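What follows is a short report on a single structure.
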Amino acid sequence: PRYSRPEMVAIWSPETKFRIWYEIEAHACDAQADLGVIPRENAEAVWKAKDVEFDVARIDAIEAVTKHDVIAFLDWVAQQVGPEARFMHQGMTSSDVLDTTLSVQLAQASDLLLADLDELLAAIKRRAENRRRQSRGSARPFGDTRHKRLTMRIRRLLNLVRIEPVKHTICDRVCCD
């Protein structure tokens, strides 16, 4: 995407999506093994694929046949792990994986935006301090009016954005950092 930053593009890439799907499925296997629902060996075997590079083209090709994105992904992971992967996705729906993934991606994107806003505010503060130093002894004792207008616009923008509360609303039911 032309106007997107590489960090934001990476969050929404198919590779990242599949990585998150994989982690959700692997952690679900761990939880089921802890409960005695599936054998511990099978849960441990799923983690064999933790460092694998996801073959997006191959997963897409499987999806073209299965007509189902999550099934295509699970088939591909099973090819990497072997028959021990048979318990993956047990007791889950595709929505469990997709909705959780979306929450994780939104949290990551929110963190990126919040960091950018922190940088923006720091830059504005530096600019204001520089202007204040420059205006000392000038005919404008109360500072630069243009700068005040800019500051007010940015405050209004930040009041509109309110990313932090939105992030917490999105992540309320999902473990996100």
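Note that this is a predicted model, so its numbers are computed, not measured.
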Looking at every non-hydrogen atom in both residues, tell me the closest pair between Ala10 and Thr16 and how far apart they are.
O-OG1, 2.6 Å

Kindly state whether the ring of Trp76 and the ring of Phe54 have centres lying under 6.0 angstrom apart.
yes

Who passes side-chain contact (heavy atoms from CB on, under 4.5 Å) against Asp34, sequence neighbours left out?
Arg40

Tell me whether Val77 is reachable from Trp47 by hopping between hydrophobic residues (I, L, V, M, F, W, Y) whose side-chain heavy atoms are closer than 4.5 Å.
yes

So the salt bridge (Lys or Arg N to Asp or Glu O under 4.0 Å) pairs with at least one residue in residues 55-77 (sequence neighbours excluded) are none

Once salt bridge (Lys or Arg N to Asp or Glu O under 4.0 Å) is applied, do any residues pair with Arg5, and if so which ones, sequence neighbours excluded?
Glu7, Asp116

I would like to know whether Leu98 and Trp21 meet side chain to side chain contact (heavy atoms under 4.5 Å, CB included); could you show each step before the answer?
CA-CA 8 Å; Leu98 299 175; Trp21 286 9; 3.2 Å; yes

Hey, what do you get for CE (Met92) to SG (Cys29), rounding to the nearest 0.5 Å?
8.5 Å

Just by distance, do the side chain of Tyr22 and the backbone of Val46 share a donor-acceptor pair under 3.5 Å?
yes

Gln32: side-chain contact (heavy atoms from CB on, under 4.5 Å) partners, not counting sequence neighbours
Val37, Ile38, Gln90

About how many Å separate CD1 of Ile20 and NZ of Lys17, when rounded to the nearest 0.5 Å?
10.5 Å

Test side-chain contact (heavy atoms from CB on, under 4.5 Å) applied to His68 - qualifying residues, sequence neighbours left out:
Thr66, Val70, Ile71, Ser94

Applying side-chain contact (heavy atoms from CB on, under 4.5 Å), can you list everything that pairs with Ala85, at least two apart in sequence or on another chain?
Ala78, Val81, Met88

Taking C-beta and beyond as the side chain, do Glu41 and Glu84 meet within less than 4.5 Å on heavy atoms?
no

Taking Arg86 for the side chain and Asn42 for the main chain, is one N or O donor matched with an acceptor at less than 3.5 Å?
no

